Asker: 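Sending over a structure as structure tokens; questions will come in a sec.
Quick caveat, the model's predicted, so the values are computed rather than measured.
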Amino acid sequence: MNDLVTRDFTAPAADGYPLSMRLISAAEPRIAVLVSSGTGFPKGFYERFAQRLAERGAAVLTYDFRGIAGSRPDDLKAMAMDYPDWGRLDMPAALDALIGAAPGLRVVHVGHSVGGHFLGFMSNQDRIDRHAFVSVGTGWWGGHHRSYNPLELFFWLGFGPFSLMRHGYIKGGGLWAGTDLPRGVFATWRRWCLKREYFSKELETTLRPHHYEAVTAPIRSWIFTDDPIATPNTARDLLSVYPHAPSEISVHAPGDFGVRRIGHEGAFRKGMEPLWDRIFHWLENGEA
């Protein structure tokens with residue numbers, strides 16, 4: 001780990017919005033890895049994962065989407081944005097920053113949850129050679145584990161609207177364990193999650209232009225049996241928005257990695273190093 005180089009910096013998104021980024025790299029990296037966060041997860045959540053990949057020879061970029069953690073404005077209540085801005089404006093900028101920091105290297109991508117939803121909005125997605133999806137499935141509540149439904153419906157219909165009314169944004173803490181969320185993120189996310197088709201129908205209308213049909217890099221989607229959100233079915237539904245990308249789903253139980261729980265976020269927690277090694281091996285070599 002002493003040989004790793006860490007650099008924190010700010011880079012502008014496509015519209016000039018300042019984004020907080022962190023590069024963790026081997027001294028002489030042989031591959032570049034972009035890590036795109038799940039909704040409400042700060043870049044620091046992926047620190048151990050990034051260090052592990054860097055130790056194995058990667059230059060790894062983590063970053064905060066606009067409105068989140070290090071990319072949060074002072075007045076979140078006044079922030080005007082829409083959820084897809086993360087894919088249209090922020091993800092392309094992060095990819096450009098990684099390519100600039102690790103020139104000449106093959107570039108691969110790890111998307112956690114919504115980090116796998118939005119690569120079809122990226123104007124420069126063709127620079128990425130392959131994608132590892134981790135806990136990526138549609139947000140449609142009806143496709144999730146039944147035991148999870150009451151909690152998420154309360155979030156969409158009770159907690160969320162109350163938090164917006166009281167604070168002007170979704171305040172982290174309590175029921176919502178993630179970071180504070182801008183109003184524009186919650187409003188669009190809720191609209192999609194209450195529909196069986198999630199955002200797929202809107203790709204034909206209001207979400208144009210986009211690049212979903214242009215994504216041709218291979219995708220491997222890692223799904224965990226105790227994840228109430230990203231199930232094999234919702235993972236399959238999400239992959240359908242990338243019709244020309246070769247894709248496969250790899251389903252695992254917590255016991256496969258010697259842990260008691262993985263859930264929706266546990267794949268990036270301490271103890272999951274065997275999974276991280278598998279992901280890196282696939283990204284680097286295309287093998288399981």
Side-chain angles (χ1 to χ4, degrees), residues 36-42 45-46 64-65 67-69 72 76 81-87 111-118 133-203 207 221-241 249 251-254 259-269:
S36 296
S37 306
T39 302
F41 289 91
F45 180 73
Y46 306 94
D64 288 322
F65 289 123
I68 303 299
R72 182 192 193 279
L76 190 59
M81 64 157 292
D82 197 5
Y83 204 17
D85 290 347
W86 288 356
H112 176 214
S113 195
V114 80
H117 295 193
F118 285 172
F133 284 3
V134 181
S135 296
V136 176
T138 72
W140 179 55
W141 72 273
H144 300 163
H145 289 186
R146 289 289 173 258
S147 61
Y148 189 67
N149 291 162
L151 183 65
E152 60 186 325
L153 286 175
F154 177 66
F155 177 69
W156 296 128
L157 304 176
F159 177 90
F162 175 77
S163 189
L164 287 181
M165 182 178 66
R166 183 174 182 184
H167 305 289
Y169 58 89
I170 304 301
K171 190 169 180 59
L175 176 66
W176 173 242
T179 63
D180 296 345
L181 295 178
R183 176 186 294 271
V185 166
F186 177 81
T188 298
W189 190 22
R190 183 177 82 156
R191 183 177 77 247
W192 293 347
C193 288
L194 295 178
K195 297 190 295 187
R196 170 69 176 80
E197 64 271 18
Y198 195 50
F199 65 68
S200 62
K201 291 293 185 185
E202 293 184 25
L203 291 176
L207 290 178
S221 181
W222 274 267
I223 297 297
F224 309 101
T225 54
D226 67 334
D227 183 344
I229 298 170
T231 66
N233 285 337
T234 63
R236 198 170 296 111
D237 287 345
L238 193 284
L239 288 171
S240 72
V241 303
I249 297 175
V251 181
H252 298 275
V259 298
R260 296 181 61 183
R261 179 190 176 277
I262 296 176
H264 192 59
E265 83 298 325
F268 293 97
R269 295 194 183 279

Asker: Do Arg190 and Phe155 touch side chain to side chain, with heavy atoms closer than 4.5 Å?
Answerer: no

Asker: Closest heavy-atom contact between Leu239 and Ser221?
Answerer: CD1-CB, 4.2 Å

Asker: Answer yes or no: is there a side-chain heavy-atom contact under 4.5 Å between Glu202 and Arg191?
Answerer: yes

Asker: With rounding to the nearest 0.5 Å, note down the distance linking OG1 in Thr231 to CG in Asp237.
Answerer: 8.0 Å

Asker: Can you tell me how far NE2 of His145 sits from NE2 of His264, rounded to the nearest 0.5 angstrom?
Answerer: 11.5 Å

Asker: Out of curiosity, Phe41 CZ to Ser36 OG, how far, rounded to the nearest 0.5 Å?
Answerer: 14.0 Å

Asker: Where the side chain of His117 meets the backbone of Gly137, is there a donor-acceptor pair that is under 3.5 Å apart?
Answerer: yes

Asker: On a heavy-atom basis, which atom in Ser113 and which in Gly38 lie closest, and how many Å separate them?
Answerer: CB-CA, 3.9 Å

Asker: Are Val241 and Phe199 side-chain neighbours, meaning at least one heavy-atom pair lies under 4.5 Å?
Answerer: yes

Asker: Heavy atoms only: give me the nearest Thr234-Gly143 pair and the separation to one decimal.
Answerer: CG2-O, 3.5 Å

Asker: For the pair His112 and Ser135, evaluate side-chain contact (heavy atoms from CB on, under 4.5 Å) and give the outcome as yes or no after the intermediate values.
Answerer: CA-CA 6 Å; His112 176 214; Ser135 296; 4.0 Å; yes

Asker: Look only at the side chain of His167 and the backbone of Phe162, and say whether a donor-acceptor pair between them is shorter than 3.5 Å.
Answerer: no

Asker: Provide the closest heavy-atom pair for Asn149 versus Glu152 in the form atom of the first, atom of the second, distance.
Answerer: ND2-OE2, 3.0 Å

Asker: Using the rule given for side-chain contact (heavy atoms from CB on, under 4.5 Å), can you reason through Tyr46 versus Ser37, listing the C-alpha separation, both sets of side-chain angles and the distance that settles it, and then say yes or no?
Answerer: CA-CA 8 Å; Tyr46 306 94; Ser37 306; 3.3 Å; yes

Asker: Is the closest side-chain heavy-atom distance between Ile170 and Phe159 below 4.5 Å?
Answerer: yes

Asker: Taking side chain as C-beta onward, heavy atoms only, is Ile68 less than 4.5 Å from Leu181?
Answerer: yes

Asker: Is the closest side-chain heavy-atom distance between Glu197 and Trp140 below 4.5 Å?
Answerer: no

Asker: Go through Val134 and Phe224 one step at a time and tell me if the side-chain contact (heavy atoms from CB on, under 4.5 Å) criterion holds.
Answerer: CA-CA 9 Å; Val134 181; Phe224 309 101; 4.0 Å; yes

Asker: Nearest 0.5 Å, please: how far is CE in Met81 from CG in Leu76?
Answerer: 9.5 Å

Asker: With a 4.5 Å cut-off on side-chain heavy atoms, are Thr138 and Asn233 touching?
Answerer: no

Asker: Angle between ring planes, Phe186 versus Trp156, binned at 30° and 60°: parallel, tilted or perpendicular?
Answerer: tilted

Asker: If you look at every heavy atom in Ala235 and Ile223, which pair is closest and at what distance?
Answerer: CB-CD1, 3.6 Å

Asker: With under 30° as parallel and over 60° as perpendicular, where do the rings of Trp189 and Tyr83 fit, or are they tilted in between?
Answerer: tilted

Asker: Do the side chain of Trp176 and the main chain of Thr179 share a donor and acceptor less than 3.5 angstrom apart?
Answerer: yes

Asker: In this structure, is the centre-to-centre distance between the rings of Trp141 and Tyr148 below 6.0 Å?
Answerer: no

Asker: Answer yes when Asp64 and Arg72 have at least one side-chain N-carboxylate O distance shorter than 4.0 Å, and no when they do not.
Answerer: no

Asker: Verify, without hydrogens or angle tests, whether Ser163 (side chain) and Gly168 (backbone) share a donor-acceptor contact under 3.5 angstrom.
Answerer: no

Asker: Taking the six-membered ring for Trp, are Trp192 and Tyr198 parallel (under 30°), tilted (30 to 60°) or perpendicular (over 60°)?
Answerer: perpendicular

Asker: Verify side-chain contact (heavy atoms from CB on, under 4.5 Å) between Asp227 and Ile262, making sure each step is shown before the conclusion.
Answerer: CA-CA 7 Å; Asp227 183 344; Ile262 296 176; over 6 Å; no

Asker: Do you know the tightest heavy-atom contact between Pro232 and Val251?
Answerer: CG-CG2, 4.1 Å

